[in-house]
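Below: one structure, written as structure tokens.
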Protein chains: 2
Amino acid sequence: MAAKNVKTSITMQEVAERCGVSKMTVSLALRGDLKQVSQETIDHIQAVAREFGYNPGANHAARRLALKKSNQPVLNNTIGLLLWEGFYEVNYDQTLFRGVLEVLAPKYYALVLGYIRRDVQVEDLPCAFRRDEIDAFLTCDAEFGRHLLDEMCERYGFSKRPVVSMIYQHDGCSAVVPDHRMAGYLLAHHLLSLGHRHILHFADSGVSPFHPFALRLSGYRQAYQEMGLDSDTGLHYMHRGSQKDNLQACAENVLRMLDAYPDITAILAPYDEYAGVLIDVLSKHGKRVPEDISIVGLDDTDPALNEQSQNILTTVRMPLLEIGRQSAELLLQRISNEETEDITITLPVELIKRASTCPPRIK
Amino acid sequence: MAAKNVKTSITMQEVAERCGVSKMTVSLALRGDLKQVSQETIDHIQAVAREFGYNPGANHAARRLALKKSNQPVLNNTIGLLLWEGFYEVNYDQTLFRGVLEVLAPKYYALVLGYIRRDVQVEDLPCAFRRDEIDAFLTCDAEFGRHLLDEMCERYGFSKRPVVSMIYQHDGCSAVVPDHRMAGYLLAHHLLSLGHRHILHFADSGVSPFHPFALRLSGYRQAYQEMGLDSDTGLHYMHRGSQKDNLQACAENVLRMLDAYPDITAILAPYDEYAGVLIDVLSKHGKRVPEDISIVGLDDTDPALNEQSQNILTTVRMPLLEIGRQSAELLLQRISNEETEDITITLPVELIKRASTCPPRIK
DNA sequence: TTGTAAGCGTTATCAT
DNA sequence: ATGATAACGCTTACAA
């Protein structure tokens with residue numbers, strides 16, 4: 001007479017009773033373990049389970065718990081993303097994200113978003129991370145991301161999961177990156193071909209040889225070399241301001257730099273938006289682009305519009321959508337193929353010539 | 001001498017041994033149950049747990065399993081999204097999604113994306129759905145989404161979770177919607193004020209009174225009424241083609257309609273992109289917009305550009321970003337406040353006058 | 001206020 | 001090839 005007050009999900013036990021076998025047999029049969037159960041039994045039990053409405057997912061928690069004993073990592077169909085804070089407001093990050101979504105969304109993966117910020121600690125990571133529910137991670141900041149995840153695994157005794165890095169290459173991660181060196185080469189070569197010799201460029205200090213800045217710089221140098229020019233005298237270095245907010249202030253520093261070094265006739269901006277602000281600030285100070293100074297951007301994510309709403313920015317296009325897509329594909333591969341080596345995929349970039357560059361003015 | 005081969009996560013049992021209490025006390029203390037454990041004990045145990053590196057998340061699976069007995073739904077910090085297929089390619093959906101992200105991403109919720117398509121069955125739902133791991137759902141198609149989720153709960157014996165619907169209102173869901181009626185009113189009123197009397201509009205047949213089409217239509221009618229005009233003779237109905245692909249074909253049907261009813265001088269397009277295609281097709285057939293015919297869009301998501309790259313489309317702007325944000329906020333509320341009633345939030349819309357409308361030509 | 005026992009649904013181990 | 005038993009780590013119910 002004890003009526004169940006709440007209908008709950010079907011268990012293996014119930015399927016077993018229905019079939020007149022033990023729940024152990026059901027467990028093995030549902031996993032299709034041919035070594036331990038006969039094909040006949042498997043077929044029968046699977047049919048009954050289906051008809052009965054058994055839902056293998058419903059008790060995933062029990063499965064996870066049981067599997068702890070044998071220390072087997074369990075797949076949860078969940079992927080962790082470590083993205084820059086506010087990624088949904090930035091063209092660059094949005095495009096990467098969209099590429100990732102295009103691949104993962106149709107596969108019904110759960111996506112857990114974590115933010116990359118310098119002050120993030122292990123405790124601040126999304127709770128799904130700390131539950132060890134993530135099958136693999138995708139990060140846009142390989143160095144910091146890898147560090148954070150390693151610390152988490154260490155602290156909580158988790159086994160390591162595959163990590164794929166977008167844009168940056170780093171030890172211990174697979175990566176999908178644009179050809180940073182080629183990007184630098186194409187831009188510098190373009191400016192040198194136009195006749196520019198003294199060019200301003202930007203960098204951060206103390207970066208690893210695989211950092212985009214370092215790779216780009218080696219591309220610049222190669223372009224000089226190939227033309228028989230000395231890059232040490234031609235390339236004028238400037239530290240990129242680290243704050244995105246005071247782009248304006250950075251641009252004014254550039255103005256001073258240009259006044260101090262009147263030989264400079266072209267600028268390799270660190271990214272498109274930076275180039276756009278430079279164009280604005282320079283024109284407000286009476287320097288026309290490109291007549292007085294040529295400027296190139298990087299990424300082809302943010303246009304620099306003239307009065308006719310046309311994008312005038314000469315730049316290198318990064319295959320961001322494709323990087324997002326291939327990163328996700330690579331991640332899925334890494335999840336299914338247990339023990340493979342980390343690999344790096346480099347995707348080609350393309351010079352987009354527009355109207356922000358022209359031959360230098362003869363002085 | 002039995003060295004553990006693999007370091008695994010700390011359990012309550014280990015914390016209990018360290019403190020010299022039972023694991024039961026640890027369980028109660030970590031949850032801060034003041035009715036059963038003294039403050040003193042709680043503080044001590046919590047301190048030891050923290051120092052010891054106990055991670056409450058690490059054994060979430062065990063917690064879920066244990067809680068099944070008492071049939072308590074467990075929160076997983078996971079939200080299910082039911083979006084239109086390919087949402088990342090459509091301005092409209094993208095904007096909604098971005099609003100949702102802005103709110104949920106900083107809270108580190110796991111997002112599970114499911115697609116809305118007519119042929120989706122319960123079995124096709126993301127496996128996180130079928131694991132009953134979703135705290136609440138956000139859907140952009142309340143009718144179908146609700147139906148699908150109800151069927152899932154029924155089939156698998158899950159308890160129902162809160163559902164928030166975006167754009168559409170529906171029984172059994174909270175909702176955040178734009179003021180569809182007002183949108184219709186503003187557009188019709190705008191056209192009538194310019195002097196148009198015979199206006200073409202679009203609809204789907206057999207929709208509920210809360211469907212956007214129905215609400216918009218009542219807005220159109222109100223505009224006619226307020227001016228003392230008869231909407232039955234003024235409004236010319238046309239069935240909206242259901243396929244997004246053959247917008248071109250739909251537009252050609254409109255051409256025929258206009259030839260058949262030469263009184264018609266204005267069109268209330270069902271959405272911006274539709275309006276854009278109409279403008280193209282009409283102009284290719286020698287009808288200029290707005291000189292020969294006025295056209296208004298809806299949503300303000302897709303511009304109709306002229307040769308000068310200016311958006312000429314008069315339309316009503318939907319607060320999509322805000323709908324996304326507030327839907328997510330509402331969802332979070334519904335997760336924390338157990339038993340509250342469903343509510344609907346209606347957000348204001350705004351008429352954006354541009355150059356695709358003008359007074360009708362005197363015949 | 002604290003401890004003991006039982007059970008959530010699964011899987012691994014060992015027996016048959 | 002199949003079954004019995006003991007975990008996995010937690011929580012509720014009840015006993016002390």
Side-chain angles (χ1 to χ4, degrees), chain A residues 4 6 8-17 19-45 49 52 54-76 131-133 156-157, chain B residues 4 6 8-17 19-45 49 52 54-76 130-133 156-158:
Chain A
K4 260 184 188 161
V6 189
T8 179
S9 50
I10 314 285
T11 68
M12 285 190 181
Q13 181 65 53
E14 297 175 71
V15 176
E17 282 163 16
C19 294
V21 296
S22 76
K23 64 176 177 181
M24 199 52 238
T25 310
V26 173
S27 174
L28 293 169
L30 290 181
R31 282 176 286 167
D33 188 333
L34 273 166
K35 290 182 198 147
Q36 309 211 47
V37 190
S38 68
Q39 183 65 60
E40 192 180 22
T41 318
I42 289 181
D43 291 342
H44 177 233
I45 291 179
F52 224 57
Y54 175 76
N55 171 11
N59 291 304
H60 188 70
R63 185 165 300 113
R64 284 195 56 133
L65 189 56
L67 253 11
K68 268 213 140 185
K69 205 168 14 175
S70 52
N71 225 69
Q72 287 185 42
V74 186
L75 292 186
N76 296 288
R131 283 182 198 150
D132 202 14
E133 283 177 355
Y156 296 140
Chain B
K4 260 186 189 162
V6 189
T8 179
S9 51
I10 314 286
T11 68
M12 285 191 180
Q13 180 65 52
E14 297 175 70
V15 175
E17 283 162 16
C19 294
V21 296
S22 77
K23 68 174 177 182
M24 199 50 242
T25 310
V26 174
S27 173
L28 293 169
L30 289 182
R31 280 175 288 166
D33 188 333
L34 273 166
K35 290 180 200 153
Q36 310 211 48
V37 191
S38 68
Q39 183 66 59
E40 192 178 24
T41 319
I42 289 180
D43 291 342
H44 177 234
I45 292 178
F52 224 59
Y54 175 76
N55 171 12
N59 292 303
H60 188 72
R63 185 166 300 115
R64 283 194 56 131
L65 191 55
L67 252 11
K68 267 214 141 187
K69 202 166 19 171
S70 52
N71 226 69
Q72 288 184 41
V74 186
L75 292 186
N76 296 288
R130 284 173 297 137
R131 283 182 196 149
D132 201 14
E133 283 176 355
Y156 297 140
F158 297 163

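Within every chain, numbering begins at 1; the chains are lettered A, B, ... in the order of the sequence lines, protein sequences first and strands thereafter. Quantities reported herein were computed from a predicted structural model and do not represent experimental measurements.
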side-chain contact (heavy atoms from CB on, under 4.5 Å), that's the test. Do B:N59 and B:R63 meet it? Break it down for me.
CA-CA 7 Å; B:N59 292 303; B:R63 185 166 300 115; 5.9 Å; no
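Residue A:N59 contributes atom CG, which lies 10 Å from atom P of C:dT11 at whole-angstrom precision. For the pair A:Q72 CD and C:dT11 C1', the interatomic distance rounds to 9 Å; values are reported in whole Å. Rounded to whole Å, the distance from CG on A:D43 to P on D:dA1 is 14 Å. The CZ-P distance, from B:R64 to D:dT12, rounds to 15 Å in whole Å. Per the geometry, NE2 belonging to A:H44 stands 18 Å off P belonging to D:dA1, to the nearest Å. Rounded to an integer number of Å, the gap from A:K68 NZ to C:dT13 P is 17 Å. Here the P atom of nucleotide C:dG3 and the CE atom of B:M12 are 14 Å apart, to the nearest Å.
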Dump every N/O contact between nucleotides 14-16 of chain C and the protein below 3.5 Å, one line per pair.
none

Which atom pairs link the protein and nucleotides 4-6 of chain D when you take only N or O atoms and keep those under 3.5 Å?
none

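Scanning for side-chain contact (heavy atoms from CB on, under 4.5 Å) contacts around B:D33 gives B:L28, B:K35, B:Q36, with sequence neighbours left out. Every side-chain contact (heavy atoms from CB on, under 4.5 Å) that B:D132 has, sequence neighbours left out, goes to B:R64, B:F158, B:R161.
Interface residues of residues 25-33 of chain B facing DNA chain D, ordered by number: B:S27, B:R31; criterion, heavy-atom separation under 4.0 Å.
When A:H60, A:R131, A:E133 are each tested for a side-chain hydrogen bond (donor to acceptor under 3.5 Å, both in side chains) with A:N76, only one passes: A:H60.
Within the 3.5 Å criterion, the main-chain N or O of B:T11 finds a donor-acceptor partner in the side chain of B:E14.
When each of B:A62 and A:K35 is assigned the nucleotide of DNA chain D with its nearest heavy atom, A:K35 is the one assigned upstream, toward the 5' end. Where B:V21 and B:L65 meet DNA chain C, the nucleotide closest to each residue was compared, and B:V21 sits on the side nearer the 5' end.
Counted by atom type alone, A:K68 and B:S9 present one or more donor-acceptor pairs between their side chains at under 3.5 Å.
Distance from the side chain of B:A66 is smallest for C:dG7 among the nucleotides C:dT11, C:dT2, C:dG7.
Rounded to 10°, the angle separating the first-five-pair axis and the last-five-pair axis of the helix from C:dT1-D:dA16 to C:dT16-D:dA1 equals 40°.
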